[in-house]
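Residue numbers start from 1 in every chain, and the chains themselves are labelled A, B, ... in the order their sequence lines are given, proteins ahead of strands. Computed from heavy atoms alone, side chains included, the values below leave out hydrogens, waters and symmetry copies.
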Amino acid sequence: MSGLLDVTTIKRDFPIFNRTIRDGQRLIYLDSGATSHKPKIVLDAERDFYENHNSAVHRGAHQLAEEATELFEEARLEVARFLNSDGSEIVFTKNATESLNLLAYSFSNSSKNSRFHLNPGDRIVVTEMEHHANLIPWQQLAARTGAELTWLPVTTDGRLDLSSIDSIINAKTKIVAITHQSNVLGTINPIKEIVAAARNVGALFILDACQSVPHFKVDVKDLDIDFLAFSGHKAVGPTGVGTLWGRAELLNEMEPFLTGGSMIESVTMSSATFAEAPQRFEAGVPNMAQAVGLGAAIRYLNGIGMENIHNHEVALTKYALDKLQSIPGLKIIGPTEMKNRGAVFSFTMENIHPHDLGQALDQNGIAVRTGHHCAWPLMRVLNVPATTRASLYFYNDYSDIDALISGIYEAKEFFTAPRTKERK
Amino acid sequence: MSGLLDVTTIKRDFPIFNRTIRDGQRLIYLDSGATSHKPKIVLDAERDFYENHNSAVHRGAHQLAEEATELFEEARLEVARFLNSDGSEIVFTKNATESLNLLAYSFSNSSKNSRFHLNPGDRIVVTEMEHHANLIPWQQLAARTGAELTWLPVTTDGRLDLSSIDSIINAKTKIVAITHQSNVLGTINPIKEIVAAARNVGALFILDACQSVPHFKVDVKDLDIDFLAFSGHKAVGPTGVGTLWGRAELLNEMEPFLTGGSMIESVTMSSATFAEAPQRFEAGVPNMAQAVGLGAAIRYLNGIGMENIHNHEVALTKYALDKLQSIPGLKIIGPTEMKNRGAVFSFTMENIHPHDLGQALDQNGIAVRTGHHCAWPLMRVLNVPATTRASLYFYNDYSDIDALISGIYEAKEFFTAPRTKERK
Amino acid sequence: MNLDSLYQEVILDHYKNPLNKKLIPNPIAQVTHLNTSCGDEIILNLHLNGDLVEHITWEGIGCSISQASTSVMSDLLTGKQINEAMSILESFVEVIQSKGKLNGDEEIIGDGVAFAGVSKFPARVKCALIGWMAFKDALSQGLAKK
Amino acid sequence: MNLDSLYQEVILDHYKNPLNKKLIPNPIAQVTHLNTSCGDEIILNLHLNGDLVEHITWEGIGCSISQASTSVMSDLLTGKQINEAMSILESFVEVIQSKGKLNGDEEIIGDGVAFAGVSKFPARVKCALIGWMAFKDALSQGLAKK
Ligand SMILES: Cc1ncc(COP(=O)(O)O)c(C=O)c1O
Ligand SMILES: Cc1ncc(COP(=O)(O)O)c(C=O)c1O
């Protein structure tokens, strides 16, 4: 039994599925929400860069430098097209965390009369389901500027509660920064509705697209947002590369973040002026091979088809929700209906701590994540100390879910069986 | 003829030397100051990470996560040992530029009573020969805090002028940030002497070791410094990874820079507390494969031997200085004596603009860099708009220098030959 | 390695019936330790009587390893001389950090030997140590107050 | 490709004997353009007379490509109607950005055809365009002042 995509064939593109786990067992990887695996084509693209074109981009007049620059800039265009945007709007960072910090620091570097400047009393709005990467930078920005950080609450079934949106995103609001899909709950948020509220009060809208861009088509024009962040490593790309997309007119108005080589216009001992975006935000020799690898990753994803990936994940989600809910004592933390929901499943098991469950699954070759998933405040809201999380991608199929289900039953058996042996 | 190392054998480790330049010519790469090439062993280490162990470090309890974490932390220890330090003192960044910005931002995030806090009137001291990466972050920090940025001047023969060091590094001085070796001049600065001046007034000492760590043994304990930055990609490592070394007690007192996942202790919606160093400074899923690649790069360098690399480069430097100075019209920008000098040669040629000279060399397969080399203020001081720079590494030999010399003669011939053809 | 060899009966038993899991008030030191990667938490109260560890009581949430290990620790170290307690603690830490190389001496670390298998799972080392580290911390705070 | 086909005689000649390389004072617009990757600099003065480009004079330092191209530009566009000058500029830019695909029409861009080879060297495209971009910039500033 398989999903809509031919997973057997797809898996052949990913070398890691040739290895086994804990003494010869099949690798059942359900941790793509943390990081995805990489197809051979991405590794080959990085390697080709190093073996044939390696050189510092934008800096040399020799042939290697020309070739390296061309490959790097082609990768930028690939990412730009993927998001339905323009090359001048794509900044390469090291990960989504840096992308979001770039915004928060650039805003606090801005001068008093800039649109990015925050004053005491101004508001930054996030949600209770944010990943730490889209929460702490805003806490810090609020602390630096005296702005107030507030948030949209989460309902007990893991959706955003928008009932008070107009009082939360109010006239004081300058920035709204929200995740597209929760990495814990799987919830896909109604971005257009929130963008409309932000537009109404003239606030900037920032989308944390770490868990959406790898899984379904994200079109920045259609969503009508201002900034977007995602990480290459969750989208079958290399580690060490992330993306910040921003509207060109905004990026060009923003103050720099990291400063140094390649981002300048002119420099004296005591001051400097800066290049246009995206160069303005790419100080130093960039993560060239990684950017080139990300370009290849996106070509690969396009080859599979984002629509196909989405449909495949919808099928898996339906299957997994049914199966998981049939396990006695298992509680799904997050929406249990299919609507606006991705293939990420957090759950708790009666009388088994998530760490123990994760360990038991690992002994069967099943990789899940346990803990607070870098969304500790959400855990507090939902009143769970931790969850077990299975997160799927297009290289997973029904059999992986079956393995998870029987692994859970086995763990249940092991941890809740009556015991006789006496303590020494 | 070759240097002290067996370059023919060494080159076999570097796949890029199998390719040719501009219609079948041998690649003569004299741009390692910008970025170095990578031995196969480094590419294999990265690939092995992706193909066999890929997983988010420090986050999962499954086998892949364990293996990934172990490889990542082993790489950290490898870097630590290389600098004669401890794993807890090594922070992985994306490049040296980020390492230096990390310091500048962390310092401005510090609270009033912290030793890192700068007040108006406090002094930051750099030199006139800094790379933009070790200049602009301090300009910006000075602008944010009201501190004063000042600098040690450079003499006409490209050495630091230390005659007024005691009035420049004075009681107001809180930070001294200086390059170990100039990426333009090749000058190796007398670090211990400057550290002593900094210690005298209680200032922190930061070393930009981008051009030293790859070329000779750098021992942070012996130098008695506080922080050090270098980039992996200049040390036969991957792109997308840099290092910040800092004394443990300083790192643990410093405020975070990038914030997000994996660098926290505890998080609520409105505030957060932070992990110990180095985790405190590594927000988000790190550049894991690149860190592992850097570990392999350092093992490779250790295999060749830093002492051997240094001796090899000393031999090349002697040879190159003699040959270059014999070319009529060629002027070396930087020291012409061997003492405290690395294998980096900037020069100008009478009546040939560096760009044109670089282009002519490129047509012969010779990769050099032209321009201001991200040290624009130094160019102004030395009163040259730009230079041509040849920078060598242990995979270069005498024949590469010979090729450079004859390439320069050819260019001279071409650009200065008397011409007859009339303008149309 | 199968589940049984990691989760020995002793561990599961301590997990189900933890010892000293009820805080006695008025300790000489109270500490809270977090496992920052999963959100687990141990609150530990220490009572000293001269050089004697009089009570180690605790509260908290966590996985079987962390709960059982804290239970074992509280049982083992209560009634010991401070220096004896510290030397048991050092022996236990050594086993847990041995990456599967040490089995531990039952004479010294008692039920603690059941955790030797944990040392092969780096991600669980913190779980096995959280209670012990809390004790160590409480002890140094308690001694500072004396 | 050998050096001669990139550095055509025309280029080397203009480099040695640049035209209009002496600023005439009191321009309607003066602009300074930098090549940020190498530090090269062009200062350009523009004089308009109604719809006519009356003088283009300049100063600056740079490589042979940037100097020669600015010289060719100043010669070619002086005395032209503004819209004619702009259309020549567009043709030149198109050739330079063609990555070796266009040779350029000598009827339109005159000595500018000598720079067609530059379009194969992405790092030199900026050099070939710096003077032209300075003119474009000065023109729009000049027109704004009218
Ligand atoms: C002396 C010096 N400092 C800093 C840097 C910046 O290094 P990176 O661009 O890798 O951040 C470089 C290299 O470009 C350098 O040569
Ligand atoms: C929703 C969300 N936002 C942000 C991040 C941070 O991404 P990274 O760690 O790659 O910077 C993650 C993943 O860890 C995530 O799931």
Shortest non-hydrogen pair, C:Thr36 vs A:Trp376, comes out as O-CZ3, 4.0 Å

C:Asp40-A:His355 side chain donor-acceptor pair, cut-off 3.5 Å
no

Is any side-chain N of the basic residue among C:Arg124 and A:Asp362 closer than 4.0 Å to the acidic one's carboxylate O?
no

What residues of residues 383-391 of chain A sit under 4.5 Å from chain C when you count only heavy atoms?
A:Pro385, A:Ala386

Which of these passes side-chain contact (heavy atoms from CB on, under 4.5 Å) with A:Asp356: C:Ile65, C:Leu12, C:Ile11, C:Leu3?
C:Ile65

dist C:Ser5:OG -> A:Gln363:CD (nearest 0.5 Å) comes out at 7.5 Å

Pairwise distance NZ(C:Lys16) to CG(A:Asn351) - rounded to 0.5 angstrom:
8.5 Å

Counting neighbours of CD on C:Glu54 that are heavy atoms of other residues, nucleotides or ligands and sit closer than 6.0 Å, is the number greater than 12?
yes

Suppose we call two aromatic rings close when their centres sit under 6.0 Å apart. Are C:Tyr7 and A:Phe415 close by that rule?
yes

Residue C:Lys145 excluded, over 12 heavy atoms near NZ under 6.0 Å
yes

Roughly how far, to the nearest 0.5 Å, is CD1 of A:Ile352 from OG of C:Ser64?
10.0 Å

Are more than 12 heavy atoms from other residues, nucleotides or ligands located less than 6.0 Å from atom NZ of A:Lys412?
yes

Among A:His373, A:His372, A:Met379, single out the residue with the greatest number of heavy-atom pairs under 4.5 Å to chain C.
A:His372

